[in-house]
Amino acid sequence: MCHVHACVTSGDTALGVQTTLWIAVAGGCCAGLWLFFSPLRGVRDIPLGKPEPAPVGGKP
């Protein structure tokens with residue numbers, strides 16, 4: 001039976017605890033980047049419906 005402390009310090013992990021935590025921190029910091037670089041940043045108003053078609057040659 002393996003105790004938690006013995007497994008962590010004996011080298012049974014693939015990357016190590018500190019490396020895993022750094023990967024988690026980097027992933028958490030990068031989680032919102034897709035919103036930062038998306039076209040949603042330029043949206044100022046919420047579109048509520050279909051836009052009205054432009055009148056063709058007649059009275060508006």
Checking L21 now: which residues fulfil side-chain contact (heavy atoms from CB on, under 4.5 Å) with it, not counting sequence neighbours?
V17
Mind listing the side-chain donor-acceptor pairs of residues 26-39 below 3.5 Å, one per line with the distance, residues two or more places apart or on another chain?
unit_1: W34; atom_1: NE1; unit_2: A31; atom_2: O; d: 3.3
unit_1: S38; atom_1: OG; unit_2: L35; atom_2: O; d: 3.0
unit_1: S38; atom_1: OG; unit_2: L40; atom_2: N; d: 3.3

What residues, two or more places apart in sequence or in another chain, satisfy side-chain contact (heavy atoms from CB on, under 4.5 Å) together with T20?
L15
What are the two closest heavy atoms between R44 and R41, and how far apart are they?
NH1-O, 3.8 Å
